[in-house]
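Everything on this sheet refers to the single structure shown next.
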Amino acid sequence: MDILQEATAFEEASMSNLTTSDRVEATREAKRLILAINEIYKKTKDDSLMEVMKRLTEKKKRIDIRLKGRPSSGI
């Protein structure tokens, strides 16, 4: 389960003081990890894998918000 070790390292990595290209790379890495874990989850149906995917998705969303900016009020 080397992919789970990569996911843990990604979760623990600091995401402060990143350049835009670093953020893009981080979101791509998160997506790669989520999809790889999902393939394993499809076969095993292990709930702990689902929890890891949820945590990675949450971190990816935070990075995406920082990349794209928060939505405006729509005035």
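- The two residues Ile63 and Ala26 come nearest to each other via the heavy atoms CD1-CB, 4.0 Å.
- Under the 4.0 Å criterion applied to side-chain N and carboxylate O atoms, Glu51 and Lys54 are assigned as salt-bridge partners.
- To the nearest 0.5 Å, atom CD1 of residue Ile37 and atom CD of residue Glu6 are 9.0 Å apart.
- Leu35 places none of its side-chain heavy atoms less than 4.5 Å from the side chain of Glu39.
- Interatomic distance, Lys59 NZ to Arg62 CZ, rounded to the nearest 0.5 Å: 6.5 Å.
- Taking CG of Leu56 as the reference point, atom CG of Asn38 lies at 11.5 Å (rounded to 0.5 Å).
- Proximity of Leu4 to Leu49: side-chain heavy atoms (C-beta onward) are separated by under 4.5 Å at one or more points.
- Listed for the Lys60 side chain is no donor-acceptor partner under 3.5 Å among the backbone atoms of Ile34.
- Looking at Ile3 and Arg32, their side chains come closer than 4.5 Å, going by heavy atoms from C-beta outward.
- With values rounded to the nearest 0.5 angstrom, Leu33 atom CG is found 12.5 Å from Lys31 atom NZ.
- When every heavy atom of Met15 is checked against every heavy atom of Leu18, the shortest pair comes out as SD-CD1, 3.5 Å.
- By the 4.0 Å N-to-carboxylate-O rule, Arg55 lies too far from Glu58 to be salt-bridged with it.
- Distance check, rounded to the nearest 0.5 Å: CD1 of Ile65 to CZ of Arg23 gives 12.5 Å.
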| message | Under the criterion side-chain contact (heavy atoms from CB on, under 4.5 Å), I'd like the reasoning laid out for Thr19 against Glu25: C-alpha separation, chi angles, the key distance, then a yes or no. | response | CA-CA 10 Å; Thr19 63; Glu25 188 177 321; over 6 Å; no
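- Within the model, atoms CE of Met50 and OG1 of Thr44 stand 10.0 Å from one another, a figure rounded to the nearest 0.5 Å.
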